[in-house]
Amino acid sequence: PLDELEERVLGLLPLLRDYNLTGPAAGWYAPQARSLSRTLIDPARARIAAADRVIVVPDGPLHYLPFEALLTDDSAADRFADLPWLVLEI
């Protein structure tokens, strides 16, 4: 449902904007980013992998979401630099 998706997107945004919420530990960020990725990216993952380029046309609350900040896999990484960022895969 759109309301649930909007709530999840808006819940992730403060974690991207405010270092004081997460500090250097990626553990606060990764589960929410991966959860959104499971919903938005995973259903089309094979098609994305086969594409030469990907164009995202967001609608509604997705306008606020930087898709490159989503994660491609679950991760227990402690550092943000070690997370499996979507932007590195496409």
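In this text, all values refer to a predicted model and were calculated from it rather than measured experimentally.
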Going by the rule side chain to side chain contact (heavy atoms under 4.5 Å, CB included), which residues pair with [X] if we only count those two or more places apart in sequence or in a different chain?
X     : result
Pro14 : Leu21
Pro31 : none
Thr72 : Arg45, Pro84, Leu86, Glu89
Glu68 : Pro66, Val87

Cluster overlap Tyr19 with Leu15, hydrophobic side-chain contacts below 4.5 Å
no
Can you get from Leu40 to Val54 by hopping between Ile, Leu, Val, Met, Phe, Trp and Tyr side chains that sit under 4.5 Å apart?
yes
So, the side chain of Arg8 versus the backbone of Ser35: is there a donor-acceptor pair under 3.5 Å, distance only?
yes
What's the shortest heavy-atom distance between Leu16 and Ala69, and which atoms?
CD2-CB, 3.9 Å
Smallest separation among heavy atoms of Pro58 and His63, with atom names
O-NE2, 3.2 Å
Under 4.0 Å between a side-chain nitrogen and a carboxylate oxygen: does that hold for Arg38 and Asp74?
yes
At what distance, to the nearest 0.5 angstrom, does [atom1] of [X] lie from [atom2] of [Y]?
X     : Y     : atom1 : atom2 : result
Leu13 : Gln32 : CG    : CD    : 10.0 Å
Ser75 : Leu83 : OG    : CG    : 5.0 Å
Phe67 : Leu36 : CZ    : CG    : 8.5 Å

Pairs flagged by ring-ring contact (aromatic ring centres under 6.0 Å, His included) wherever residues 69-90 is involved - sequence neighbours left out
Tyr29-Phe80, Tyr29-Trp85
Suppose we screen for side-chain hydrogen bond (donor to acceptor under 3.5 Å, both in side chains). Which residues come up paired with Asp42, at least two apart in sequence or across chains?
Arg34
Determine whether Leu62 and Val56 satisfy the following criterion, side-chain contact (heavy atoms from CB on, under 4.5 Å), listing intermediate values before the conclusion.
CA-CA 10 Å; Leu62 299 179; Val56 176; over 6 Å; no
May I ask you to check whether over 12 heavy atoms, not counting those of Asp78, lie within 6.0 Å of atom CG?
no
Give a yes or no on this: more than 12 heavy atoms of other residues, nucleotides or ligands lie within 6.0 Å of atom CG of Asp18.
yes
